[in-house]
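To keep things clear, I will list the structure first and then write my remarks on it.
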Amino acid sequence: MNRTRTWPANSPRTWSANRPRTWPAHVLLAAGALVMLAPFAWQVVVALQTLPDSLRVPPKFTPSWQWSNFADVFRSVPLARQFLNTVVVTAAVTAGQLLLCSLAAYAFARLRFPGRGAIFLLFLAVLMVPGELFIIPRYEIMQGLGWLNTLQALIAPGVFGAFGTFLLRQFFLTLPKELDEAARLDGANPLQVYWHIMLPLVRPGLLALGLLTVMWSWSSLLWPLVVNTDPEMMTLSAGLASLRGQFQTNFPILFAGSVVASLPVIALFIVLQRHLIAGIAFTGSKG
């Protein structure tokens, strides 16, 4: 007598047989991760090489363990001062973005006023304009204010952005309207509703915008290079760019400075990457 053995529908054997094969996707993602990490790995290798080794053809793919390059970069440029400048500028720009963009986003998402849609479309149109087009007008404004070679010249243009407004507006739109109505019935004004009720509920969006702003402000190069020419008032990116010579560049020292400048942002991203991914993924849940 033949007996056919049947397995429960939810048994591990059935689940394993029906499970889609995901290893091709994992292999592809691993290959992509290696490609993304290759420039940073090469940067670390060159930072530990001697100058002749960094100029060899074909290139040498192993470090020479020249640890003195990290000390030389501090002697070549005022790196400690530039690091402090970068921290101050990044903190101020991030705080300004979180405050001003959240205020504008709350107004566009929760308040009713004439021309709201048209004004928001103008905000979105700004996203399509390359930032390089604003360099000359911004420079003239900073020159007229007497802010050249100052930190406020680096902070003021970055404290507000159309992207941050758009990002946080999407978060405010996901909140139920009953929250506003209940708060107003209790006597809260719009500013109190924004600060005490709405802002704590969009914390994932604030974390995502904050991390993106930190990464953008920390690595910004063109504007700091234009508006500040004094090495003592430069940020890390502009200070490292000044290490490039007209005829020859000491690449090990330059790359050593780049490694030092990259480590704080990498550490911050590793700690907050889950919040960034969750915040960006949640943005498009409601238009």
Side-chain angles (χ1 to χ4, degrees), residues 36 39 82 85-109 113-172 205-206 208-244 246 254 258 261-262 265 269 276 279-280 283-284 287:
M36 296 293 291
Q82 293 172 358
N85 294 341
T86 307
V87 171
V88 172
V89 171
T90 300
V93 169
T94 303
Q97 285 268 344
L98 294 178
L99 177 62
L100 298 180
C101 290
S102 62
L103 282 169
Y106 171 75
F108 283 124
F113 54 90
R116 184 185 67 166
I119 297 176
F120 185 68
L121 287 178
L122 291 177
F123 270 81
L124 295 183
V126 173
L127 294 175
M128 297 183 289
V129 180
E132 290 77 8
L133 295 179
F134 300 114
I135 288 181
I136 295 178
R138 285 176 178 175
Y139 184 86
E140 292 180 347
I141 293 174
M142 297 302 132
Q143 187 178 32
L145 294 173
W147 284 2
L148 297 182
N149 286 314
T150 62
L151 294 183
Q152 54 263 36
L154 302 175
I155 296 172
V159 294
F160 184 75
F163 173 76
T165 303
F166 169 76
L167 181 69
L168 294 180
R169 174 183 175 270
Q170 300 304 108
F171 279 88
F172 283 117
L206 295 174
L209 177 61
L211 183 55
L212 289 173
T213 304
V214 167
M215 295 171 62
W216 169 80
S217 179
W218 191 274
S219 60
S220 180
L221 173 62
L222 184 57
W223 176 246
L225 202 59
V226 169
V227 75
N228 284 359
T229 56
D230 183 2
E232 293 289 334
M233 301 307 298
M234 286 183 176
T235 58
L236 281 173
S237 56
L240 293 177
S242 65
L243 291 175
R244 292 184 60 89
Q246 183 177 2
L254 176 61
S258 300
S262 302
V265 179
F269 178 78
L276 174 64
I280 296 299
T283 302

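Just the heavy atoms: all of them, side chains too, but no hydrogens, waters or symmetry mates, feed the values below.
Judged by a 6.0 Å distance limit and a 45° cone about the ring axis, Arg116 is not positioned over the six-membered ring of Phe108.
Using a 4.5 Å heavy-atom threshold, the side chains of Val159 and Gln97 count as separate. A heavy-atom distance below 4.5 Å is found between the side chains of Asn149 and Thr229. Taking the side chain as every heavy atom from C-beta outward, Leu243 and Leu240 approach each other to under 4.5 Å. The shortest distance between side-chain heavy atoms of Arg169 and Cys101 does not fall below 4.5 Å. Within the 4.5 Å cutoff, side-chain heavy atoms of Ile119 are placed close to those of Phe113. Looking at heavy atoms from C-beta onward, Val126 lies out of side-chain contact with Phe163 at the 4.5 angstrom threshold. Side-chain atoms of Leu206 and Phe171, non-hydrogen and from C-beta on, never get closer than 4.5 Å to each other.
Partners of Ser242 by side-chain contact (heavy atoms from CB on, under 4.5 Å), not counting sequence neighbours, listed by chain and number: Val77. The ring pair (Phe, Tyr, Trp, His ring centres under 6.0 Å) test applied to Phe160 returns Phe123, not counting sequence neighbours. Considering only residues two or more places apart in sequence or on other chains, Leu103 meets the side-chain contact (heavy atoms from CB on, under 4.5 Å) condition with Leu99, Leu191, Tyr194. Evaluation of the side-chain contact (heavy atoms from CB on, under 4.5 Å) rule for Pro130 yields Glu132, Leu133 as partners, not counting sequence neighbours. With sequence neighbours excluded, the residues satisfying side-chain contact (heavy atoms from CB on, under 4.5 Å) with Thr150 are Trp147, Gln152, Ala153.
Using modelled atom types, no side-chain atom of Asn228 and backbone atom of Asp230 make a donor-acceptor pair closer than 3.5 Å. Counting only distance, with no hydrogens or angles, the side chain of Asn85 and the backbone of Leu236 share no donor-acceptor pair below 3.5 Å. Remark: side-chain polar atoms of Gln143 are not paired, donor with acceptor, to backbone N or O of Leu148 under 3.5 angstrom.
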In residues 212-222, what donor-acceptor pairs under 3.5 Å come from side-chain atoms, sequence neighbours left out?
from	atom 1	to	atom 2	distance (Å)
Thr213	OG1	Leu209	O	2.7
Trp218	NE1	Ala261	O	2.7
Ser219	OG	Met215	O	2.8

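Of all heavy-atom pairs spanning Ile135 and Trp223, the tightest one is O-CZ3, 3.7 Å.
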